[in-house]
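Here is the structure we will look at.
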There are 2 protein chains.
Amino acid sequence: MALEDYPRPSVTVDVIIFTLRGNDLQVLLIKRGHPPFEGMWAIPGGFVGIDESLEEAALRELEEETGVRDVYLEQLYTFGDPDRDPRGRVITVAYFALMPAHAVQPRAGDDAAEARWWSVYDLPPLAFDHADILAYALQRLRYKLEYTAVGFELLPEAFTLSELQAAYEVILGEKLDKRNFRRKILSAGVIEETGAYRTGEGRPAKLYRFRDDAVAEVKARRLFP
Amino acid sequence: MALEDYPRPSVTVDVIIFTLRGNDLQVLLIKRGHPPFEGMWAIPGGFVGIDESLEEAALRELEEETGVRDVYLEQLYTFGDPDRDPRGRVITVAYFALMPAHAVQPRAGDDAAEARWWSVYDLPPLAFDHADILAYALQRLRYKLEYTAVGFELLPEAFTLSELQAAYEVILGEKLDKRNFRRKILSAGVIEETGAYRTGEGRPAKLYRFRDDAVAEVKARRLFP
DNA sequence: CCCACCGGTGTCAATTACACACTAATTATA
DNA sequence: TATAATTAGTGTGTAATTGACACCGGTGGG
């Protein structure tokens with residue numbers, strides 16, 4: 001039996017793009033410019049090209065919406081309920097991306113009337129099953145943050161320990177003890193001092209950078225309780 | 001633009017079926033009865049029906065190969081490189097399943113010339129990108145075993161602590177200390193005594209069963225170091 | 001110059017993780 | 001039927017990790 005003898009679904013990628021802005025965890029959504037769900041907010045995504053890998057498709061969507069390519073991107077889950085799209089059978093491979101907020105200007109892509117950041121703690125109603133997808137992405141982000149060094153992907157290249165702690169607190173939704181946080185993050189060996197300081201408010205703070213050769217080391221070793 | 005205006009890939013599910021047999025971690029493979037890769041061993045799978053959810057498709061494949069339906073099944077990853085199938089664009093959503101070996105007789109499904117268990121430590125060459133998929137599944141199984149109570153899915157309903165420890169050792173590929181193992185597994189509160197004993201060799205051993213109301217509790221709490 | 005603000009530091013107590021060796025109950029064998 | 005072989009079952013001491021907790025330091029602004 002040949003490939004063409006089987007009915008083929010449409011396949012899309014959706015990319016949940018997280019960032020930190022103004023001490024808030026935000027996600028990039030687009031306002032749909034066409035039916036179905038015209039005018040509703042949705043996770044950006046699009047059809048997978050026939051000669052394009054899934055990851056390439058996700059990177060392409062990411063770039064279309066943000067102009068950025070070199071960020072953390074991870075496959076999340078594949079959603080394929082037969083009735084998740086009223087137009088017909090559409091299976092979507094969801095990815096999530098983490099990027100620092102600075103220097104990213106959301107752009108409305110082809111199908112979108114508008115694109116903007118939304119706080120994950122205050123979302124509009126979403127098209128399709130996108131509320132489920134987003135909830136799952138958030139859960140996975142929190143989980144990864146506790147066990148791996150992925151949090152740095154949301155910060156600028158150089159950051160202070162207070163900024164890093166604030167990021168963790170926003171994402172996890174809880175306060176952390178300053179001294180314990182510093183001890184743990186420093187003993188994990190995933191960051192190093194840049195030598196520079198951030199000045200401007202109060203005592204100058206040491207700037208740190210992420211040691212990218214350290215990513216693998218932290219995997220499977222819980223960072224926070 | 002309508003759905004039909006985009007080229008549609010074929011979508012399959014592949015199911016990596018693990019079990020424990022004779023103190024070995026084994027996986028069910030089929031020998032392909034048709035091109036491409038005719039005569040090679042492969043992970044069982046098939047096309048997703050147009051009105052069938054991905055999980056339903058995975059359950060269907062599982063049942064076709066084993067006759068069993070009520071086992072642990074989890075979505076693993078979606079593989080979609082454009083050239084992973086020589087017939088054309090085929091995206092596969094991989095699942096993995098865990099089942100106790102007893103009372104499962106592998107059956108060769110439609111496309112298969114033969115089906116049998118293989119030790120994950122001694123595999124034949126595999127069709128498509130199935131070696132990659134299997135390696136990834138094994139990694140995920142080990143990871144899950146350390147952090148969750150998923151290991152019980154591979155054992156019969158009643159089991160001794162020695163059998164459970166042997167299962168962990170086979171899957172993780174390392175020896176564990178008996179006293180520490182028992183202390184940890186018992187204090188996790190995920191198993192309970194059945195009251196019965198297994199006799200026949202040496203001192204009779206208490207039989208335990210998995211407390212299925214305990215699955216959720218153990219999630220995200222590491223069982224082994 | 002002093003005050004406000006944020007950055008940075010250490011200890012102690014409790015818990016948890018790890019290494020480690022013998023006795024107990026049965027079955028097989030001499 | 002005594003003895004050996006086999007598997008089950010048990011506890012302690014030590015090291016490492018976690019978590020709670022309060023004060024001094026450097027800079028900018030008034």
Side-chain angles (χ1 to χ4, degrees), chain A residues 20 22-23 145-149 155-156 158-170 172-209 217-225, chain B residues 20 22-23 145-149 155-156 158-170 172-209 217-225:
Chain A
L20 285 169
N23 234 38
L145 196 70
E146 289 183 342
Y147 284 93
T148 72
L155 293 172
F159 50 85
T160 68
L161 289 183
S162 297
E163 289 165 352
L164 183 61
Q165 183 176 346
Y168 272 81
E169 289 176 344
V170 165
L172 298 177
E174 59 181 315
K175 285 260 168 271
L176 302 171
D177 178 81
K178 181 160 62 165
R179 278 170 294 187
N180 293 340
F181 179 86
R182 281 163 190 249
R183 181 178 49 196
K184 234 173 195 173
I185 208 81
L186 290 173
S187 72
V190 290
I191 61 176
E192 61 189 5
E193 301 183 9
T194 65
Y197 286 78
R198 171 152 305 162
T199 59
E201 30 179 5
R203 176 174 169 178
K206 275 184 185 165
L207 284 169
Y208 290 82
R209 75 168 71 88
E217 292 172 24
V218 193
K219 291 259 154 89
R221 190 168 145 203
R222 192 160 191 185
L223 278 177
F224 296 94
Chain B
L20 285 169
N23 233 40
L145 197 70
E146 289 184 341
Y147 284 94
T148 73
L155 292 173
F159 49 85
T160 68
L161 288 182
S162 296
E163 289 166 351
L164 183 60
Q165 181 175 348
Y168 272 82
E169 289 176 344
V170 164
L172 298 176
E174 58 182 315
K175 284 261 168 269
L176 301 171
D177 178 80
K178 181 160 63 164
R179 279 171 292 191
N180 293 338
F181 179 85
R182 283 165 188 249
R183 174 156 25 102
K184 236 174 194 172
I185 208 83
L186 290 173
S187 72
V190 290
I191 61 176
E192 60 189 7
E193 301 183 10
T194 66
Y197 286 78
R198 169 153 306 161
T199 59
E201 31 179 5
R203 176 173 170 179
K206 277 184 186 166
L207 284 168
Y208 291 82
R209 77 168 68 89
E217 292 172 24
V218 192
K219 291 261 154 86
R221 187 167 148 208
R222 192 158 190 187
L223 279 178
F224 296 94

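Lettering follows sequence order; numbering is per chain, from 1.
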At their closest point, which heavy atom of [X] faces which heavy atom of [Y], and how far apart are they?
{"X": "B:E193", "Y": "B:R209", "value": "O-NH1, 4.0 Å"}
{"X": "A:L155", "Y": "A:L20", "value": "CD2-CD1, 4.1 Å"}
{"X": "B:T160", "Y": "B:A205", "value": "CG2-CB, 3.6 Å"}
{"X": "B:L161", "Y": "B:F181", "value": "O-CE2, 3.9 Å"}

Rounding to an integer number of Å, can you tell me how far [X] [atom1] sits from [N] [atom2]?
{"X": "A:F181", "N": "C:dT9", "atom1": "CZ", "atom2": "C1'", "answer": "16 Å"}
{"X": "B:R198", "N": "D:dG9", "atom1": "CZ", "atom2": "P", "answer": "12 Å"}
{"X": "B:K178", "N": "D:dG9", "atom1": "NZ", "atom2": "P", "answer": "8 Å"}
{"X": "B:L164", "N": "D:dG9", "atom1": "CG", "atom2": "P", "answer": "12 Å"}
{"X": "A:D177", "N": "C:dG8", "atom1": "CG", "atom2": "P", "answer": "15 Å"}
{"X": "B:E174", "N": "C:dC18", "atom1": "CD", "atom2": "P", "answer": "11 Å"}
{"X": "A:R182", "N": "D:dT17", "atom1": "CZ", "atom2": "C1'", "answer": "20 Å"}
{"X": "A:Q165", "N": "C:dT9", "atom1": "CD", "atom2": "C1'", "answer": "14 Å"}

What's touching nucleotides 26-30 of chain D from the protein side, N or O pairs under 3.5 Å?
residue	atom	partner	partner atom	Å
D:dG26	N2	A:R203	N	2.9

> Counting only heavy atoms not in A:E201, do more than 12 fall under 6.0 Å of its CD?
Replying inline: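 Counting neighbours around CD of A:E201, 12 or fewer heavy atoms of other residues, nucleotides or ligands fall under 6.0 Å, so no.
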
> OP1, OP2 of C:dG7 versus side-chain N and O of A:S162: anything below 4.0 Å?
Replying inline: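 Answer yes for this pair, as a side-chain N or O of A:S162 is under 4.0 Å from OP1 or OP2.
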
> Nearest to the side chain of B:K184 - C:dT9, C:dA21, C:dA17?
Replying inline: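 Of the options given, the side chain of B:K184 lies nearest C:dA17.
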
>> Among D:dA22, D:dT10, C:dG7, which nucleotide has an atom closest to any side-chain atom of A:T160?
In response: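 Comparing D:dA22, D:dT10, C:dG7 against the side chain of A:T160, the answer is C:dG7.
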
> Testing A:R183, A:K178, A:R182 for side-chain hydrogen bond (donor to acceptor under 3.5 Å, both in side chains) with A:N180, which one passes?
Replying inline: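 It is A:R183; the other options fail the test.
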
> Once you build an axis from the first five pairs and another from the last five of the helix from C:dC1-D:dG30 to C:dA30-D:dT1, how far apart in angle are they, to 10 degrees?
Replying inline: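 Here the helix ends are tilted 10° relative to one another.
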
Classify the side chain of [X] versus the base of [N] as yes if they form a donor-acceptor pair under 3.5 Å and no if they do not.
{"X": "A:K206", "N": "C:dG7", "value": "no"}
{"X": "A:R183", "N": "D:dG19", "value": "yes"}
{"X": "B:N180", "N": "C:dA19", "value": "yes"}

